[in-house]
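Just the heavy atoms: all of them, side chains too, but no hydrogens, waters or symmetry mates, feed the values below.
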Amino acid sequence: MAKEITSRSEDYSQWYIDLVKKADLAENSDVRGCMVIKPYGYSIWEKMQQALDKMFKDTGHVNAYFPLFVPKSMFEAEEKNAEGFAKECAIVTHYRLKTDPNNKGKLMVDPDAKLEEELVVRPTSEAIIWSSYKKWIQSYRDLPILINQWANVVRWEMRTRLFLRTAEFLWQEGHTAHATSQEAVKETVQMLNVYAEFVETFMALPVIKGVKSEGERFPGAIDTYCIEAMMQDGKALQAGTSHFLGQNFAKAFDVKFATKEGRLEHVWGTSWGVSTRLMGALIMAHSDDEGLVLPPKLAPIHVVIIPIFKNEEELSKIAEKIEPVISSLRKAGYSVKFDSRDTQKPGFKFAEYELKGVPLRIAIGPRDLENGTVEVARRDTKEKRVYQLSSIVEEIPRLLDAIQDNIYQKALKFKSEATHTVDSYDDFKRILDDKGGFILAHWDGTAETEEAIKNETKATIRCIPLDAKEEAGHCIYSGKPSTKRVVFARAY
RNA sequence: CGGGGUGUAGCGUAGCCCGGUAUCGCGCUUGGUUUGGGACCAAGAGGUCGUCAGUUCGAAUCUGGCCACCCCGACCA
């Protein structure tokens, strides 16, 4: 009742906000544009971090940490990158406050404490990292450098939305340096594949892998690879990017190395990142009007057990009966919560854990004690089934796998139904307005056409898919010849 | 930054036009009855009405300044 959320059909974006707040994931803070990630939301992010961090380490990367502040002169070294982020930077200009003589009890910025050089709060860390790499790299023997950092960054967005766009957000950013262009490209693609694999296997969300058009490219990159996911309302969401930086940053920061042959060359770079925005994708991809639906691989609680009892005595009988199940499951690595609160009724708890997206719920009461059974409810299908208590420890892993798979299959089906192929601008606009989704269409490859379509329809080129097949056609906008289809969509 | 809107208890709100110290629901506290799908009854606690000034015997209400937030646009992971 109090926790009721707006339905998706009524107002999708309100549904999203309700979900984030009522499932206790995050809330707006008293700081403009910045959110508080609450414990339940943060525990999902930690699960994501753990899985990604392992994948990074398995591909040879190590973690490090670089400063939050970047001196302005350092920040502006790579011109395109600086320009691209200039409009959204927070800047530290002073290092001290003092009591305000004209305003009792208040503080003011001390005008005598102005910094010689302003510090930019990092919107991304290429600058500070490449200025460090300059000191670390002299020879081909020093390469490659494969570093990741988990950090917060600040981008002063005009309009913010919980998880999807906040002024401060958490992310990881990988920054690598290589001796050859081929090796750097290979790294860029490898990390794109890591992201795709993570999003598909852990988040149960299928993606399109592709390359950004010039207009959508990361400032300072030669190529930006990305994965794009489809949300339930037909809007696309960029879930991760991997950039081939060429020698741009090496040149800007004068990072050279001696080759085996003794020549002095600039190194080749990549950078790649995913952010707490993935939380937004996770929420929007699978959840329903009852609340979150979490894939078991990222759920902080796999199984919640709700005892149904009238008194202390009944509760202790149930607890005794279920205890071996709990400890076996925990031993096997599952997160189990036994909610024995006597302050809430079972129905309240059922609704609460549905809201929070717990994949499996076990209810056990006097009736079950008599029959040696439990009732198991799946969050994804809402299906309830009675199992023998003796078989439950074996059933749980099977059920969790089934849920993970079912959620993915459902999202895959949705994505394929939301993907349309069009050959005329009229069809393009019609489908965009009727259904949204991904639209595969021919494009003449020019920034002008891309810009015109964006202005007229708000749809952007999400990517040029890596698996796009060669196919002669005509640009839906200009009619000029094209050799493959690109993916358009309205996006978050 | 341009256009529009809103600030009243932890949350959501009524009252404002037409001035007389604030309504209702959820939540919270206590007691009792309940407990297999969001319990019920009773009694309570909680508000400088965003802020500063003005008009007035008297301001949530009228006037002006300021601040904050939300929505639509431009920008964006």
Side-chain angles (χ1 to χ4, degrees), chain A residues 1-6 11 13-14 17-18 21-22 27-34 83-89 103 123-124 152-173 195 212 215-219 221 224 226-229 236-243 271-281 290-291 306-312 314-315 318 339-355 361-371 373-377 382 384 386 454-455 458 460 462 491-492:
Chain A
M1 303 197 298
K3 294 263 181 163
E4 225 156 70
I5 56 184
T6 308
D11 184 345
S13 105
Q14 190 58 46
I17 295 167
D18 283 357
K21 292 187 175 169
K22 292 183 175 158
E27 63 188 23
N28 285 308
S29 72
D30 295 334
V31 185
R32 198 211 82 111
C34 299
E83 250 183 63
F85 285 103
K87 301 178 299 298
E88 44 188 323
C89 286
N103 212 340
T124 181
N152 58 339
V153 287
V154 170
R155 297 182 189 175
W156 214 261
E157 300 292 348
M158 298 296 180
R159 289 180 60 194
T160 59
R161 286 188 79 187
L162 292 166
F163 287 120
L164 296 174
R165 180 166 302 111
T166 46
E168 179 193 20
F169 57 92
L170 305 184
W171 77 347
Q172 61 65 219
E173 47 183 325
Y195 287 156
K212 287 288 186 194
E216 298 277 327
R217 193 176 290 157
F218 178 77
T224 288
C226 64
I227 50 173
E228 295 283 329
L237 188 128
Q238 179 174 308
T241 47
S242 182
H243 315 292
S271 69
W272 29 274
V274 297
S275 71
T276 35
R277 184 177 228 206
L278 286 180
M279 292 285 295
E290 272 72 55
I306 298 176
I308 293 150
F309 58 97
K310 287 197 170 57
N311 50 50
E312 265 313 300
E314 258 180 25
L315 174 61
I318 292 168
D339 187 350
S340 60
R341 285 178 296 171
D342 62 356
T343 51
Q344 312 291 350
K345 291 181 49 164
F348 179 92
K349 294 178 187 175
F350 292 173
E352 185 173 44
Y353 292 107
E354 267 159 24
L355 178 60
R361 179 185 76 227
I362 297 178
I364 175 165
R367 219 156 60 199
D368 298 294
L369 287 184
E370 257 175 53
N371 304 331
T373 56
V374 291
E375 182 195 76
V376 178
K382 315 239 176 71
K384 284 189 225 175
V386 174
K454 182 180 174 183
N455 290 339
K458 288 189 184 170
T460 49
R462 300 319 303 156
Y492 277 99

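- A:Leu237 comes within contact range of no nucleotide atom at all, as no heavy-atom separation falls under 4.0 Å.
- Taking the ring pair (Phe, Tyr, Trp, His ring centres under 6.0 Å) definition, one finds that A:Phe169 meets it with A:Trp171, sequence neighbours left out.
- Rounded to whole Å, the separation between the P atoms of B:U23 and B:A60 comes to 14 Å.
- Distance, A:Lys22 NZ to B:G10 P: 18 Å, rounded to whole Å.
- Counting distance only, with no hydrogens placed and no angle test, the side-chain atoms of A:Glu354 and the base atoms of B:G37 include a donor-acceptor pair under 3.5 Å.
- In this structure A:Gln14 satisfies the side chain to side chain contact (heavy atoms under 4.5 Å, CB included) test together with A:Thr6, A:Asp11, A:Ile17, A:Asp18, sequence neighbours excluded.
- To the nearest angstrom, P of B:U35 lies 14 Å from NZ of A:Lys349.
- In this structure, A:Arg361 reaches the bases: a heavy-atom distance under 4.0 Å links it to at least one base atom across the strands shown.
- Looking at A:Trp272 and A:Gln172, their side chains come closer than 4.5 Å, going by heavy atoms from C-beta outward.
- Between B:C24 and B:G44, the two P atoms lie 14 Å apart (nearest whole Å).
- Nucleotides B:C16 and B:G31, compared at atom C1', are 40 Å apart to the nearest Å.
- B:C71 and B:A59: their P atoms are spaced 35 Å apart (whole Å).
- Where pairing requires Watson-Crick or G-U contacts shorter than 3.5 Å, the helical stems of RNA chain B with at least three consecutive pairs are B:1-7 with B:67-73, B:10-12 with B:24-26, B:28-33 with B:39-44, B:50-54 with B:62-66.
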Protein-nucleotides 73-75 of chain B N/O pairs under 3.5 Å:
residue	atom	partner	partner atom	Å
B:G73	OP1	A:Lys458	NZ	3.0

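- For the pair A:Arg341 CZ and B:G38 P, the interatomic distance rounds to 15 Å; values are reported in whole Å.
- For B:G7 and B:U61, the C1' atoms lie 15 Å apart once the distance is rounded to whole Å.
- Spacing of C1' atoms, B:C28 relative to B:G10, comes out at 8 Å, to the nearest Å.
- Atom CZ in A:Phe348 sits roughly 13 Å away from atom P in B:C40 (whole-Å rounding).
- In this structure, A:Glu314 atom CD and B:G36 atom P are separated by 12 Å, rounded to whole Å.
- Between A:Lys345 and B:G36 there is a side-chain N or O to OP1 or OP2 distance below 4.0 Å.
- The A:Phe169 side chain lies nearest to B:A77 when the options are B:A77, B:G36, B:G38.
- Each of B:U35, B:G37, B:C69 was ranked by its minimum atom distance to the side chain of A:Arg32; first place goes to B:C69.
- Of the candidates B:G37, B:G36, B:A77, B:G37 carries the atom nearest the A:Ala351 side chain, counting heavy atoms from C-beta on.
- With sequence neighbours excluded, the residues that form a side chain to side chain contact (heavy atoms under 4.5 Å, CB included) with A:Glu375 are A:Arg361, A:Ala363, A:Lys384.
- Across all strands shown, A:Ser13 has no heavy atoms under 4.0 Å from either base or sugar-phosphate atoms.
- Ranking B:G36, B:A77, B:G37 by closeness to the A:Arg155 side chain, first place goes to B:A77.
- Under the side chain to side chain contact (heavy atoms under 4.5 Å, CB included) criterion, A:Ala229 pairs with A:Leu205, A:Val207, A:Met231, not counting sequence neighbours.
- Comparing A:Ser275 and A:Leu369, the nucleotide of RNA chain B nearest to each residue sits closer to the 5' end for A:Leu369.
- Put simply, the side chain of A:Arg155 never gets that close to the backbone of A:Glu88: no donor and acceptor are under 3.5 Å apart.
- Side-chain N or O atoms of A:Lys349 include one that pairs as donor or acceptor with a backbone N or O of A:Arg341 at under 3.5 Å.
- Residues A:Leu369 and A:Glu314 form no side-chain contact, since every pair of their non-hydrogen atoms from C-beta on lies 4.5 Å or further apart.
- Between B:U51 and B:U35, the distance separating the two P atoms is 47 Å to the nearest Å.
- The residue A:Asp342 sits apart from the nucleic acid: no heavy atom pair falls under 4.0 Å.
- In this structure, B:U21 shows a glycosidic angle within 90 degrees of zero, which is the syn conformation.
- Put simply, CG on A:Asp18 is 12 Å from P on B:G12, counting in whole angstrom units.
- Between the CG atom of A:Asn28 and the C1' atom of B:C69 there is a distance of 9 Å, rounded to whole Å.
- Residue A:Lys382 is the one, among A:Lys382 and A:Thr241, whose nearest nucleotide of RNA chain B lies closer to the 5' end (criterion: closest heavy atom).
- Straight-line distance between the P atoms of B:G3 and B:G15: roughly 29 Å, to the nearest whole Å.
- The side chain to side chain contact (heavy atoms under 4.5 Å, CB included) test applied to A:Asn455 returns A:Glu451, not counting sequence neighbours.
- For A:Phe85, the ring pair (Phe, Tyr, Trp, His ring centres under 6.0 Å) test picks out A:Phe218, with sequence neighbours left out.
- Counting only heavy atoms from C-beta outward, the side chains of A:Gln344 and A:Asp339 never approach each other to under 4.5 Å.
- Between the NZ atom of A:Lys21 and the P atom of B:C11 there is a distance of 11 Å, rounded to whole Å.
- For A:Glu83, there are no salt bridge (charged side-chain N to carboxylate O under 4.0 Å, His left out) partners, not counting sequence neighbours.
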